[in-house]
Amino acid sequence: MECLYCFLGCLLLAARLPLDAAIKFHDVLSNERISGYLREHNQLTGWSSDENDWNEELYPVWKKGDSRWKNSWKGGHVRAILTSDSPALVGSTITFVVDLVFPRCQREDVSGNIVYEKNCGNDTGPSPDLYVYNWTEEGSWGNGTNEHHHDVFPDGKPFPHHPGWKRCNFVYVFRTLGQYLQKLGRGSARVSVNTANVTLGPHLMEVIVYRRHRHAYVPIAKVKDVYVVTDHIPVFVTMYQKNDRNLSDETFLRDLPIMFNVLIHDPSHFLNESAIYYKWNFGDNTGLFVSNAPTLNHTYVLNGTFSLNLTVQASVPGPCPSPSPTPPKPTSLSSAGDNPLELRKTSGITCLINRYGYFKATITIVEGILEVNIIQMTDVLMPVPQPDNSLMDFVVTCQGMMPTEVCTVVSDPTCQITYDTVCDPVGEDMGHECLLTVRRAFSGSGTYCMNLTLGDNTSLALTSTLVSIPARDPASPSRMANGVLVAVGCLAIFVTVITLWVYKKHKEYNLIENSTGIVVKGKGLNVFLNRAKAMFYPGIQEKDPLLKHQPGTP
């Protein structure tokens with residue numbers, strides 16, 4: 001009898017060995033196990049159970065740390081980057097993208113082969129080969145599984161013969177929620193999952209990538225990422241206000257409108273057919289604002305801290321959900337193996353399901369510079385003109401808080417190319433009226449764009465203007481004025497010299513006049529002018545009456 005028990009035990013052990021030896025999909029990717037109820041409830045369209053067998057002969061399985069990973073790719077290691085557009089509203093579609101990052105100086109060409117990049121700096125020097133992997137020369141893909149048994153996925157399903165499939169030399173295996181999806185691709189692969197039957201919360205997506213190697217495949221990368229399915233609408237709000245110096249600190253200025261823009265994360269456009277309403281409470285006792293537009297402006301008129309609350313409501317059309325299962329009342333006739341949950345199906349009547357999204361923020365309102373204006377521009381006349389440099393005075397006014405700094409940016413007329421940037425502190429002795437003069441230098445004539453900003457710790461007010469600097473030529477007013485001054489000075493010196501010389505001559509004839517005892521009152525000026533005239537016109541001295549007093553004259 002004892003021998004019979006041993007024999008039966010050996011039979012059971014022998015029958016169990018093939019089951020234990022067969023590698024499953026969940027063994028290849030991870031040890032995460034999913035309960036049977038979740039497997040049934042979260043069935044994904046087009047996906048298969050990870051309890052299926054894995055073809056280890058065609059797709060070898062290497063554990064982490066296996067030395068064979070070092071030689072799985074020529075010239076280095078391939079990294080796989082997995083991203084998704086998570087979070088996803090339940091019922092919408094979430095998309096996953098895997099991108100392969102090849103070693104330095106390697107890329108995928110239009111034929112799907114991996115080639116070395118030209119003129120790429122490499123520590124080992126340029127490679128004499130053009131190809132890293134030339135799968136085209138290794139032989140084309142087969143036309144059927146009978147002729148080429150290697151043109152299959154790890155579970156034995158044949159490759160789909162879609163256009164261009166022979167250029168796809170990578171096999172991607174995705175796994176989540178106890179199910180897997182196989183995909184033939186190139187250096188990037190994309191899959192989408194409808195979340196209608198996915199339970200709420202975070203989930204794990206895992207991907208393993210194989211490359212083609214003649215009639216087999218070599219693992220080159222593994223990657224995993226967490227995604228989230230939620231019944232709340234993912235909502236983000238951007239806030240913008242003119243003159244606000246830092247838009248990320250949630251501190252804004254009093255008496256200036258703040259623009260709130262609601263962004264709903266809906267990459268699959270699941271809510272396109274939904275009626276969406278936005279309910280605002282700004283926390284300043286102004287009441288509740290309801291709008292069907294994602295953008296709204298609001299102005300706070302008091303300083304302080306306020307709680308902003310937004311509720312987004314979307315009425316999503318879709319099939320009516322099944323009623324909540326209710327467990328039957330226990331009876332003495334029910335067996336222990338009966339399922340207490342009763343699921344009832346409903347007809348395909350369209351219902352509207354309300355989904356909600358929420359956003360909260362704490363906003364601080366302070367005083368700041370509300371507006372700045374340039375009211376006057378004046379050309380500054382310099383004592384010593386400089387043709388290559390001009391000074392301009394700008395009279396600036398502002399509203400709100402007094403600034404602590406003034407900055408100017410001088411650029412080309414299109415305001416794109418910056419020539420000069422200058423910042424100066426503003427004195428505290430400006431008083432209660434915001435009025436200041438800003439002097440700036442401009443190099444050469446022409447038209448300039450000047451941006452002028454007044455700022456303090458929380459605000460930054462900006463204004464712009466075009467400045468025209470005329471050319472400094474010799475006929476400019478300043479140079480003409482200097483020329484007139486020089487001419488007047490020379491004339492004054494000349495008249496002084498002539499006057500002194502004529503006066504000296506006039507004194508020499510005083511003895512002759514006194515000897516005759518003739519003094520003519522009031523005619524001295526005529527005598528002086530006549531003598532001066534004689535100096536400049538000596539040819540007409542015969543008519544001078546003073547000749548009668550010269551000796552030897554009859």
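Val262 has its side chain out of reach of Thr295: every pair of non-hydrogen atoms, C-beta onward, lies at least 4.5 Å apart. Put simply, the side chain of Tyr131 does not reach to within 4.5 Å of the side chain of Lys74, judged on heavy atoms. Side-chain contact between Leu352 and Pro317: present, with at least one pair of heavy atoms (C-beta onward) separated by less than 4.5 Å. Two residues are said to be in side-chain contact when any heavy atoms from C-beta on lie closer than 4.5 Å; Leu184 and Val171 meet this criterion. Between Gln241 and Asn243 there is no side-chain heavy-atom pair separated by less than 4.5 Å. Considering only heavy atoms from C-beta on, Ile81 stays 4.5 Å or farther from Val223 through its side chain. For the pair Asn113 and Glu108, the minimum side-chain heavy-atom distance is 4.5 Å or more. Under the 4.5 Å side-chain criterion, counting only non-hydrogen atoms from C-beta, Phe260 is in contact with Leu308.
Between the Arg211 side chain and the Ser72 main chain, a donor and an acceptor come within less than 3.5 Å of each other. Within the 3.5 Å criterion, the main-chain N or O of Ile276 finds no donor-acceptor partner in the side chain of Ser274. At least one donor-acceptor pair closer than 3.5 Å links the side chain of Thr176 to the backbone N or O of Leu204. In terms of modelled atom types and a separation under 3.5 Å, the side chain of Thr195 and the main chain of Ser92 share a donor-acceptor contact. At distances below 3.5 Å, not a single donor-acceptor pair connects side-chain atoms of Asp151 with backbone N or O atoms of Phe159. Judged by distance alone, with hydrogens and angles left aside, the side-chain atoms of Gln106 form no donor-acceptor pair with the main-chain N or O of Val132 at under 3.5 Å. No donor-acceptor distance shorter than 3.5 angstrom exists from the side chain of Trp54 to the backbone of Val28, with no hydrogens or angles considered. With hydrogens and angles disregarded, no donor-acceptor distance shorter than 3.5 Å links the side chain of Ser411 to the backbone of Met450. No donor-acceptor distance shorter than 3.5 angstrom exists from the side chain of Thr362 to the backbone of Ser307, with no hydrogens or angles considered. For the pair Asn169 (side chain) and Gly112 (backbone), a donor-acceptor distance under 3.5 Å is present.
More than 12 non-hydrogen atoms from other residues, nucleotides or ligands lie less than 6.0 angstrom from CZ of Arg68. Heavy-atom neighbours of Lys222 NZ from other residues, nucleotides or ligands within 6.0 Å: above the threshold of 12. In Arg79, the CZ atom is not crowded: 12 or fewer heavy atoms of neighbouring residues, nucleotides or ligands sit closer than 6.0 Å. Atom CG of Asp249 has more than 12 neighbouring heavy atoms from other residues, nucleotides or ligands inside a 6.0 Å radius. Around atom CD of Glu250, more than 12 heavy atoms belonging to other residues, nucleotides or ligands sit under 6.0 Å away.
Evaluation of the salt bridge (charged side-chain N to carboxylate O under 4.0 Å, His left out) rule for Arg245 yields Glu405 as partners, not counting sequence neighbours. With sequence neighbours left out, Ser291 forms a side chain to side chain contact (heavy atoms under 4.5 Å, CB included) with Ala293.
Side-chain N/O atoms of Thr286 and Asp284 include a donor and acceptor closer than 3.5 Å. Side-chain polar atoms of Asp456 and Ser459 form a donor-acceptor pair below 3.5 angstrom.
Salt bridge status for Lys24 with Glu51: absent, with no side-chain N to carboxylate O gap under 4.0 Å.
In this pair, Tyr59 and Tyr217 present their aromatic rings parallel. The plane angle is below 30°, not in the 30 to 60° band. Ring geometry, His161 versus Trp165: the interplanar angle falls under 30°, so the pair is classed parallel (tilted spans 30 to 60°). Relative orientation of the Tyr448 and Tyr419 rings is perpendicular, given thresholds of 30° and 60° on the angle between their planes.
Here NE2 of His203 is found 5.5 Å from OH of Tyr227. Values are rounded to the nearest 0.5 Å. Asp266 CG to Asp85 CG: the interatomic distance, rounded to the nearest 0.5 Å, is 9.5 Å. For the atom pair CD1 of Ile94 and CG of Leu89, the computed distance is 11.5 Å after rounding to the nearest 0.5 Å. Put simply, CG on Leu460 and CG on Asn246 are 11.0 Å apart, with the number rounded to the nearest 0.5 Å. Separating the CD1 atom in Ile220 from the OH atom in Tyr210 is a distance of 10.5 Å, to the nearest 0.5 Å. Here the CE atom belonging to Met259 is positioned 7.5 Å from the OH atom belonging to Tyr240, to the nearest 0.5 angstrom.
Between Val235 and Val312, the shortest heavy-atom distance links the atoms CG2-CG2, 4.0 Å. Here the closest non-hydrogen pair linking Thr93 and Ser192 is CG2-CB, 3.6 Å. Smallest separation of non-hydrogen atoms from Ala80 and Val98: CB-CG1, 4.2 Å. The shortest heavy-atom contact between Val97 and Ser188 is CG1-OG, 4.0 Å. Minimum interatomic distance between Ile264 and Leu271 (heavy atoms only, all atoms of both residues): CG2-CD1, 3.9 Å. Closest heavy-atom contact between Pro154 and Phe25: CB-CZ, 3.9 Å.
The six-membered or imidazole ring of Phe282 lies near that of Trp280, with a centre-to-centre distance under 6.0 Å. Taking the six-membered ring where the residue is Trp, the centroids of Phe252 and Tyr300 are separated by 6.0 Å or more. A ring-centre distance under 6.0 Å is not found for Tyr180 and Phe174.
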**Study point:** From CA spacing to verdict: side-chain contact (heavy atoms from CB on, under 4.5 Å), Lys279, Val290
**Key:** CA-CA 4 Å; Lys279 302 176 182 179; Val290 180; 4.1 Å; yes

Review point. Given the rule in the side-chain contact (heavy atoms from CB on, under 4.5 Å) test, do Trp73 and Val218 qualify, once you have shown the distances and angles that lead to the verdict?
Key: CA-CA 9 Å; Trp73 192 269; Val218 176; over 6 Å; no

Exercise for review: Please test Asp412 against Thr414 for side-chain hydrogen bond (donor to acceptor under 3.5 Å, both in side chains), starting from the C-alpha separation and ending with a verdict.
Suggested key: CA-CA 5 Å; Asp412 71 315; Thr414 64; 2.4 Å; yes

Exercise for review: Report the C-alpha distance between Ile208 and Leu29 in whole Å, list the side-chain angles of each, state the deciding distance to 0.1 Å, and finish with yes or no for side-chain contact (heavy atoms from CB on, under 4.5 Å).
Suggested key: CA-CA 7 Å; Ile208 185 170; Leu29 290 160; 3.6 Å; yes

Exercise for review: Tell me, with the steps shown, if Leu44 and Val198 meet side-chain contact (heavy atoms from CB on, under 4.5 Å).
Suggested key: CA-CA 8 Å; Leu44 304 177; Val198 178; 3.9 Å; yes

